[in-house]
Protein chains: 2
Amino acid sequence: MSEQNHRLPLSRERALAAAVALVDAEGLQALTMRRLAAELGVEAMSLYHHLPGKEGLLDGLVETVVGEIGAAAGRTAAAGDWRAALRQRFLSAREVMLRHPWAPTLLTSRSTIPAGLFAYYDAVVATMVGGGFSYRIAHRALHAFGSLALGFAQEVFRPGAADASFDADAAEAELAAMAQAVPHLTAMMVAEAHDAADPTLGWCDSQVEFEFTLDLLLDGLDRLRGGGESPWVQHGAVPGGAGSP
Amino acid sequence: MSEQNHRLPLSRERALAAAVALVDAEGLQALTMRRLAAELGVEAMSLYHHLPGKEGLLDGLVETVVGEIGAAAGRTAAAGDWRAALRQRFLSAREVMLRHPWAPTLLTSRSTIPAGLFAYYDAVVATMVGGGFSYRIAHRALHAFGSLALGFAQEVFRPGAADASFDADAAEAELAAMAQAVPHLTAMMVAEAHDAADPTLGWCDSQVEFEFTLDLLLDGLDRLRGGGESPWVQHGAVPGGAGSP
DNA sequence: ACCTGAACACCGTTCAAGT
DNA sequence: ACCTGAACACCGTTCAAGT
């Protein structure tokens, strides 16, 4: 955004900081090598002396976000049991995502795993094993959490994610036109709208949905841990999984 | 792939079919307007008479996949209760995804919701309401299922998704190098590897993970439905949600 | 060493012209 | 109406040249 700092030497750190600021302000599609260079008051080709191309720039952004997630987890005091600890961890990761709304899209589009993520997942597994889970269940829990562990609920389609302007009225009108084709969806929308007791943004409050899903999973895992016999406890390998496979 | 059919007139259907074939064979990044035109033995600009640009082409691909999901659900005989019905639905959606490995990446990157998806979700909600759920819980369940309802577990990072060549050995070596930094992850990997009783591809069998997570959610929802008091049953609006919030 | 201008190889897309 | 060649406005990136 700012074209100051003409005299500071360019560096990977300065470039990444400018990239984060640019993307926070204008979204991912605004991030081009030429544009980023212009923000830094420099020519596009100069960036290649500090970053290995566009992919390396995106990797740097991912690294930055993952670093913030780890830092956020470190700032909050350790909670009581494994359940509270994970819940707190994931919710503080969510605050990082709220600061960087472009992060979910970026994280899910990358193919290389950032090194910093392993440390984060290691802490998650440590928390679960410390809480009495086997490595096998901890492993499956990691998959089950999915993006929740990084602080966002993966919306398969996210209207308004690409362009910031999302016409909610148009979407509602479109849905109304399909009222006869999709009676249950329509009824669901009406039922949710009529219950105006709790304040929500639109008819889907993602914070509520996030915590609902998270608690559903945590409840399920807690039941696996303490339930019936306790073959899950500790790291012993158990033949069958959970559920009805 | 084939440059036959020189004489058939170009059409939206032919273009989309060729696009699916191209992407099945070479991945999403191979799909350019010029390349697709070449596959059809035509010039790039001809496509614009049948498709509204690249975005419209991608929308068409999404529409095709969603159509296949709906068709797959229609083919399988209706299962017993809501739980079996949803499980069967989502697992048959997964088979569509296995046929089109590019679909998860595409679906999660789109910002406009395909019309055909509403019909699919309507059927899911109908199944849940028929099983005794309130519209509120059905709504939250829809969010909780997330990509599982469309047949894939959203992997936040998917090595090898961008380029088809994924060096598993290199990844393992990289992880081994971090053994001291991430002791629990390492121990988890070792524990899983030593239990070679069940055959898996690599050390993560995504089919097993998919069903584990799905059953975890279905179990949790089933408990919400039948548990304790039954304010959830039927469509009455209930003040509080589930879980701790 | 760090930065630069010009150029290259790709995109998606517009447009006037063909038939 | 459907298709085409040439051109335009962007990308990321290479390279030889500057300092």
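Proteins get letters first, then strands, A, B, ... in listed order; numbering begins at 1 in each. Below, each value reflects all heavy atoms present in this structure, side chains not excepted, and no hydrogens, waters or symmetry copies.
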Residues that B/Ala123 engages under side-chain contact (heavy atoms from CB on, under 4.5 Å), provided they are two or more places apart: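 Listed in chain order: B/Arg89.
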
List the residues meeting side-chain contact (heavy atoms from CB on, under 4.5 Å) with B/Ala37, not counting sequence neighbours, and say none if there are none.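 B/Val42, B/Ala44, B/Leu47.
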
Does a side-chain N or O from A/His49 land closer than 4.0 Å to OP1 or OP2 of C/dT4, or not?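 Answer is no, no contact under 4.0 Å.
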
Check whether any side-chain nitrogen or oxygen of B/Ser46 sits under 4.0 Å from OP1 or OP2 of D/dC2, and answer yes or no.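 Checking D/dC2 against B/Ser46, no side-chain N or O comes under 4.0 Å of OP1 or OP2.
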
Where at least one partner belongs to residues 91-107 of chain B, residue pairs that pass salt bridge (charged side-chain N to carboxylate O under 4.0 Å, His left out), sequence neighbours excluded: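 Of all non-adjacent pairs touching residues 91-107 of chain B, those that pass salt bridge (charged side-chain N to carboxylate O under 4.0 Å, His left out) are B/Glu68-B/Arg99.
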
Result block: side-chain N/O donor-acceptor pairs under 3.5 angstrom for residues 52-67 of chain A, not counting sequence neighbours:
from    : atom 1 : to       : atom 2 : distance (Å)
A/Lys54 : NZ     : A/Leu31  : O      : 3.3
A/Glu55 : OE1    : A/Arg110 : NH2    : 2.6
A/Asp59 : OD1    : A/Arg110 : NH1    : 2.7
A/Asp59 : OD1    : A/Thr112 : OG1    : 3.4
A/Glu63 : OE1    : A/Arg12  : NH2    : 3.3
A/Glu63 : OE2    : A/Arg12  : NH2    : 3.3
A/Thr64 : OG1    : A/Gly60  : O      : 2.9

Return the stems involving DNA chain D, sorted by first number, where pairs are Watson-Crick (N1-N3 with N6-O4 or O6-N4) or G-U wobble (N1-O2 and O6-N3), both under 3.5 Å, and runs are 3 or more long.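 For DNA chain D the paired stretches long enough to count as stems (3 pairs minimum) are C:4-8 with D:12-16, C:12-16 with D:4-8.
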
Per-nt protein contacts along nucleotides 8-17 of chain C (heavy atom under 4.0 Å; B base, S backbone sugar-phosphate only, - none) come out as ---BBBB---

Would you say the side chain of A/Met97 lies within less than 4.5 Å of the side chain of A/Ile69, judging by non-hydrogen atoms?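 Yes. Closest side-chain heavy atoms under 4.5 Å.
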
Take atom [atom1] of [X] and atom [atom2] of [N], then tell me their distance rounded to the nearest Å.
X: A/Leu36; N: C/dC3; atom1: CG; atom2: P; value: 13 Å
X: B/Glu43; N: D/dT4; atom1: CD; atom2: P; value: 5 Å
X: A/Leu10; N: C/dT4; atom1: CG; atom2: C1'; value: 13 Å

